[in-house]
Amino acid sequence: MTEGTTSAAAEGADTLTRLEQEGEIAADYLEGLLDIADLDGDIDMDVEADRASVSIISDTGSRDLQKLVGRDGEVLEALQELTRLAVHRETGDRSRLMLDIAGYRARKRAELSALGAKAAAEAKSSGEPVRLKPMSPFERKVVHDAVKAAGLRSESEGEEPKRFVVVLPA
C-alpha cells in the first residue's frame, strides 16, 4: 500500500469508529427516554451514507411507538434533534445522526422517492417546473435524490417552515 492509500484507509476507519460511537451514545440516550416513558422498543444501530443511523423498533408492532412519531413525524423530528444534542454534548462534534421510529422514515422515504420520480416525469413531459408542497429538510433531501436519479435538477425555494422543492425540466 502507498502512503496515500494507507492514510485514506485509516481516515475511513476513524470516520466509521466516530459514527459508531455516535450511534452508541444515541442508543444509550434513547434507551433512557424509553425507560422514562415506560415504552418497549429495541434499538438498532447502523452507519448509512456517512451518518449514524439509529432505529427504535418493536417486535410486538406496538402502537405505543407511534406516540414517539407523532403527527406527520413532528415528535420524531424533535427526538432526533434532542438525540443529536445528546451526542454533541458527549463528543463536542455536530452530529448528522438519523433517527427512525417504528419504520416511519423508511416508509416516508419510499413515498417521497415515488413523489420525486412522478414530479420528474411530469416536468419532463410538460417542460414546465413542478412545485411541490412544503417539506421538512429530510423530505426535501429524499425528493432531490429521486429527481437527480431521474436525470433532472431540482432546487429548494422559500423560507422554513414553508420551504419546498421545485423540479426543473431538462
Cluster question for you: counting only ILVMFWY and a side-chain heavy-atom cut-off of under 4.5 Å, with indirect links fine, are [X] and [Y] together?
| X | Y | value |
| --- | --- | --- |
| Val47 | Leu97 | no |
| Phe164 | Val143 | no |
| Tyr104 | Val75 | yes |
| Val54 | Phe138 | no |
| Met135 | Leu152 | yes |

Is the shortest heavy-atom distance from the side chain of [X] to the side chain of [Y] under 4.5 Å?
| X | Y | result |
| --- | --- | --- |
| Val87 | Leu85 | no |
| Pro169 | Ser126 | no |
| Val165 | Glu155 | no |

* To do: Using side-chain contact (heavy atoms from CB on, under 4.5 Å) as the criterion, list what pairs up with Val130, not counting sequence neighbours.
  =>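 For Val130, the residues satisfying side-chain contact (heavy atoms from CB on, under 4.5 Å) (neighbours in sequence not counted) are Ala119, Glu122, Ala123, Leu132, Val167.
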* Under the side-chain contact (heavy atoms from CB on, under 4.5 Å) test, residues paired with Ala150 that sit two or more places apart ->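 side-chain contact (heavy atoms from CB on, under 4.5 Å) check on Ala150 returns Ala120.
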* For Lys124, check salt bridge (charged side-chain N to carboxylate O under 4.0 Å, His left out) against everything at least two apart and list the hits. =>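 With sequence neighbours excluded, Lys124 shows a salt bridge (charged side-chain N to carboxylate O under 4.0 Å, His left out) to no residue whatsoever.
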* Asked: In chain order, what residues pass the salt bridge (charged side-chain N to carboxylate O under 4.0 Å, His left out) check against Asp145, with sequence neighbours excluded?
  ->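 Partners of Asp145 under the salt bridge (charged side-chain N to carboxylate O under 4.0 Å, His left out) test: Lys141.
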* Which pairs pass side-chain hydrogen bond (donor to acceptor under 3.5 Å, both in side chains) with one or both residues in residues 75-93, sequence neighbours excluded? ->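 Only Glu77-Arg105, Gln80-Arg105, Glu81-Arg84 qualify under side-chain hydrogen bond (donor to acceptor under 3.5 Å, both in side chains).
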* To do: Could you point out which residue of Leu65, Asp42, Val69 forms a side chain to side chain contact (heavy atoms under 4.5 Å, CB included) with Ile56?
  =>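 Exactly one candidate clears the test, Leu65.
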* **Listed once per pair and sorted, the salt bridge (charged side-chain N to carboxylate O under 4.0 Å, His left out) pairs that draw on residues 159-170, sequence neighbours left out** =>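 Those involving residues 159-170 are Arg140-Glu160.
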Contacts table for residues 18-36: side-chain donor-acceptor under 3.5 angstrom, sequence neighbours left out:
{"unit_1": "Arg18", "atom_1": "NH1", "unit_2": "Glu22", "atom_2": "OE2", "d": "3.2"}
{"unit_1": "Glu22", "atom_1": "OE1", "unit_2": "Ser95", "atom_2": "OG", "d": "2.9"}

What is the distance from atom [atom1] of [X] to atom [atom2] of [Y], rounded to the nearest 0.5 Å?
| X | Y | atom1 | atom2 | answer |
| --- | --- | --- | --- | --- |
| Met98 | Glu48 | CE | CD | 9.0 Å |
| Gln66 | Leu76 | CD | CG | 10.0 Å |
| Ser55 | Met45 | OG | CE | 10.5 Å |
| Ser58 | Leu68 | OG | CG | 11.0 Å |

* To do: Using a cut-off of 6.0 Å, state whether more than 12 heavy atoms not belonging to Asp50 lie near its atom CG.
  =>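 No - once you tally the heavy atoms of other residues, nucleotides and ligands closer than 6.0 Å, there are 12 at most.
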* In this structure, are over 12 heavy atoms from other groups packed under 6.0 Å from Arg51 atom CZ? ->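 Yes, CZ of Arg51 has more than 12 neighbouring heavy atoms, counting only those of other groups under 6.0 Å.
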In a table with atom names and distances, give each donor-acceptor pair under 3.5 Å that connects a side chain of residues 109-116 to protein atoms at least two apart or in another chain.
{"unit_1": "Ser113", "atom_1": "OG", "unit_2": "Arg109", "atom_2": "O", "d": "3.0"}

* To do: Under the side chain to side chain contact (heavy atoms under 4.5 Å, CB included) rule, what do Thr17 and Thr15 come out as? Steps first, then yes or no, please.
  => CA-CA 5 Å; Thr17 300; Thr15 299; over 6 Å; no
